[in-house]
Protein chains: 2
Amino acid sequence: MRLVIARCSVDYAGRLTAHLPLAVRLIMVKADGCVAIHADGGAYKPLNWMNAPNTVEELEDRWVVSSPKGETLTILIEEVLHDSAHELGVDPGLQKDGVEAHLQELLAANPTTIAEGLSLVRREYPTAIGPVDLLCRDADGSAVAVEVKRRGEIDGVEQLTRYLDRLNLDPLLRPVRGIYVAQVIKPQARTLATDRGIGCVEIDYDELRGIESDELRLF
Amino acid sequence: MRLVIARCSVDYAGRLTAHLPLAVRLIMVKADGCVAIHADGGAYKPLNWMNAPNTVEELEDRWVVSSPKGETLTILIEEVLHDSAHELGVDPGLQKDGVEAHLQELLAANPTTIAEGLSLVRREYPTAIGPVDLLCRDADGSAVAVEVKRRGEIDGVEQLTRYLDRLNLDPLLRPVRGIYVAQVIKPQARTLATDRGIGCVEIDYDELRGIESDELRLF
DNA sequence: GTGTATATCTCGGGG
DNA sequence: CCCCGAGGTATACAC
């Protein structure tokens, strides 16, 4: 990884055009060739960047970064204040816990935490327009489509609605009702869901994880 | 901005929990206090980060970054390979061109490029669930709601549908038809739009900009 | 490769 | 402050 602190102006032309006036910034070049221009603030997102693959042409007063898609990033360098290179090696990568996939796993293993008497048919039940998170049957044997989100916003209701429309075309499943499950469900999403006859369930991730641990402890 | 290259392991606990095994990485600390852990690849996104505002506690063998929301980032440092600090100053910021806002401006100025006889009522026409990009009237005086996107995907159709439902409750506007305008409209989006009686128009950004320049040239 | 859904999304605007 | 929408979204995953 190469780190350059320089007084520079930057122009990007590609999916849009963008210009950065002259200022002191960090130019980060990673081993895979990607380039990022950072200011001294504004979260982790760089002001401007170029993803790999690309070619970096280093001229006297400017760097020209070009991608095969026809994008270009031109860095006019007026003054270099720091320039260093470092060997980092390959990163073993990030281990995550607590994202939607894990929430879905926990719910699949414990469908009764969503609603009394619910049993799982399958996870990622396929339809022509995409997979339904959980397809279940309730105590009466009726089909229930469950959409899982970490945060329950309006687009999840739209998503579940599209799936329900599709599933209700299948005579073997019909009638299918929907349940929207999330750690928090926003008021707009709840209103829309209720209007459409979709149930809303808020679940506690830590509590669910607790149930899971308890079950494991029995063995 | 402080740049540290170090052999370290990292743990984040907050919106999720995440762990990074021991490896050499860049630790970037910006003037506003935000911290980002970068590997030598993987585009511009850091492996792990903590946004401002936060407090950084620098101990003998570890840094503990805590946010007021209760998130923590713990960096266990085994070996420091580089450590430098740099004054960057305030950045003048990015100037953009070619995004949806500009597309919307151009269309607002030239509504007939969307459909023959169309005239603008107003941009960002407010409804209870959000603003409609363009509200127009056609040659017959009927209301037309226009949703503008750079890329026409399925969520834009959902958005326009919600607006149309809402607008059609207004006796002064009713009946309102919809037109979905984008540089490219994906097949799925076109199908859904057509099913719902929504028109689809693909427009050429460069051509539209050309029309605009021609008009300016007349003055 | 296209299409779909997620993200510690980030970022900005409006009420 | 939250809500909502856009993004050069990027990224993963299924078909």
Side-chain angles (χ1 to χ4, degrees), chain A residues 12-18 34 36-37 41-52 67 69-73 93-94 96-104 123-133 147-151 153-156 158-160 162-163 184 186-189, chain B residues 10-18 34-37 42-52 54 65 67 69-73 93-94 96-104 124 126-133 147-151 153-156 158-160 162-163 186-189 191:
Chain A
Y12 165 77
R15 282 174 276 187
L16 56 66
T17 60
C34 71
I37 317 285
Y44 70 69
K45 200 180 178 185
L47 294 162
N48 233 325
W49 69 93
M50 192 76 125
N51 288 340
S67 86
K69 288 178 210 154
E71 297 167 292
T72 59
L73 187 74
L94 188 66
K96 287 185 192 183
D97 173 38
V99 289
E100 192 204 290
H102 196 212
L103 194 56
Q104 196 195 103
R123 278 177 63 190
E124 302 288 345
Y125 183 91
T127 77
I129 52 165
V132 181
D133 284 344
E147 175 65 32
V148 181
K149 282 265 183 286
R150 213 161 50 79
R151 288 180 314 171
E153 303 188 3
I154 210 160
D155 56 339
E158 300 287 15
Q159 205 178 324
L160 181 51
R162 289 199 298 273
Y163 293 147
V184 214
K186 298 281 175 80
Q188 272 90 346
Chain B
V10 184
D11 281 281
Y12 165 78
R15 283 173 277 187
L16 52 65
T17 61
C34 69
V35 179
I37 317 288
Y44 66 70
K45 198 180 178 183
L47 294 162
N48 233 325
W49 68 91
M50 191 79 125
N51 288 341
N54 61 44
V65 188
S67 86
K69 289 179 209 157
E71 298 167 291
T72 59
L73 187 74
L94 188 67
K96 285 187 188 181
D97 173 39
V99 288
E100 192 203 290
H102 195 212
L103 195 56
Q104 199 195 99
E124 301 289 347
T127 77
I129 53 165
V132 181
D133 285 343
E147 176 65 32
V148 181
K149 283 265 183 285
R150 215 162 48 78
R151 289 177 314 174
E153 304 191 0
I154 212 158
D155 57 338
E158 301 287 16
Q159 204 177 327
L160 181 51
R162 288 199 298 274
Y163 291 145
K186 298 282 178 78
Q188 274 87 348
T191 304

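Chain letters run A, B, ... following the sequence lines, proteins first and then strands; every chain starts at 1.
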Item to check | dA6(D) phosphate, OP1 or OP2, under 4.0 Å from Gln104(B) side-chain N/O | outcome: no
Checklist entry - Whole-Å distance between dT8(C) P and Asp97(A) CG? => result 12 Å
Next on the checklist: Under a 3.5 Å distance rule, please check whether Thr191(B) uses its side chain to pair with a backbone N or O of Pro187(B) as donor and acceptor.
Outcome noted: yes
Next on the checklist: If you only use heavy atoms from C-beta on, which nucleotide in dG8(D), dT8(C), dG3(C) is closest to the side chain of Lys96(A)?
Outcome noted: dT8(C)
Checklist entry - Does the side chain of Gln159(A) get closer than 4.0 angstrom to OP1 or OP2 of dT4(C) through an N or O atom? => result no
Next on the checklist: Both Asp133(A) and Arg151(A) contact DNA chain C. Taking the nearest nucleotide for each, which residue is further toward the 5' end?
Outcome noted: Asp133(A)
Item to check | Listed nucleotide nearest any side-chain atom of Ala43(A), set dT10(C), dT11(D), dT4(C) | outcome: dT10(C)
Checklist entry - So, is Lys149(B) near the phosphate of dA6(D), with a side-chain N or O under 4.0 Å from OP1 or OP2? => result yes
Checklist entry - Does a side-chain heavy-atom distance below 4.5 Å link Leu16(A) with His102(B)? => result no
Item to check | Test log, rule side chain to side chain contact (heavy atoms under 4.5 Å, CB included), inputs Leu73(B) and Asn48(B) | outcome: CA-CA 8 Å; Leu73(B) 187 74; Asn48(B) 233 325; 3.8 Å; yes
Checklist entry - Could you state the OH-P distance from Tyr44(A) to dG7(D), rounded to the nearest angstrom? => result 17 Å
Checklist entry - With respect to the side chain of Lys45(A), which nucleotide from dC11(C), dA6(D), dT8(C) is positioned closest? => result dC11(C)
Checklist entry - Starting at CH2 of Trp49(A) and ending at C1' of dC11(C), how long is that distance when rounded to a whole Å? => result 11 Å
Checklist entry - Within less than 4.0 Å of OP1 or OP2 of dT4(C), is there a side-chain N or O belonging to Lys186(B)? => result no
Checklist entry - With a 4.0 Å cut-off on heavy atoms, is Tyr12(A) in touch with a base, just the backbone sugar-phosphate, or nothing at all? => result base
Checklist entry - When we call it a touch if two heavy atoms are under 4.0 Å apart, what does Leu103(A) touch: a base, just sugar-phosphate, or nothing? => result nothing
Checklist entry - Does Asn51(B) put a side-chain nitrogen or oxygen below 4.0 Å from OP1 or OP2 of dT8(C)? => result no
Next on the checklist: Within the 4.0 Å heavy-atom criterion, would you say Tyr163(B) contacts the bases, only the backbone, or no part of the nucleic acid?
Outcome noted: sugar-phosphate
Checklist entry - Quick one: Glu71(A) CD to dG7(D) P, roughly how many Å, whole number? => result 15 Å
Next on the checklist: Any non-hydrogen side-chain atom of Val10(B) less than 4.5 Å from a side-chain atom of Leu47(B)?
Outcome noted: no
Next on the checklist: Distance check, C1' atoms only: dG8(D) and dG14(C), in whole angstrom units.
Outcome noted: 25 Å
Next on the checklist: Using whole Å, what does the distance between atom C1' of nucleotide dG3(C) and atom CD of Glu153(B) come to?
Outcome noted: 9 Å
Checklist entry - How many Å lie between CG on Asp155(B) and C1' on dA6(D), as a whole number? => result 10 Å
Next on the checklist: Looking at Arg123(A), I'd like to know whether one of its side-chain N or O atoms comes within less than 4.0 Å of OP1 or OP2 on dA14(D).
Outcome noted: no
Checklist entry - Taking the nucleotide of DNA chain C with the closest heavy atom to each, which residue, Ala18(B) or Arg162(A), is nearer the 5' end? => result Arg162(A)
Checklist entry - Touch check for Gly42(B), heavy atoms < 4.0 angstrom, all strands: base, sugar-phosphate only, or nothing? => result sugar-phosphate
Next on the checklist: Rounded to whole Å, please give me the gap between CG in Leu16(B) and C1' in dT11(D).
Outcome noted: 15 Å
Item to check | Within-4.5 Å side-chain heavy-atom neighbours: Lys69(B) and Arg15(B) | outcome: no
Next on the checklist: Please confirm whether the shortest side-chain N or O distance from Asn48(B) to OP1 or OP2 of dT8(C) is below 4.0 Å.
Outcome noted: no
Item to check | Spacing of Glu100(A) atom CD relative to dT4(C) atom C1', expressed in whole Å | outcome: 12 Å
Checklist entry - Would you say the side-chain atoms of Tyr163(B) pair up with the backbone N or O of Pro131(B), donor to acceptor, closer than 3.5 Å? => result yes
Item to check | Pairwise 5' ranking along DNA chain D for Leu73(A) and Pro131(B), keeping only the more 5' one | outcome: Pro131(B)
Next on the checklist: Please classify the nucleic acid contact of Glu158(A) as base, sugar-phosphate, or nothing, using heavy-atom distances under 4.0 Å.
Outcome noted: nothing
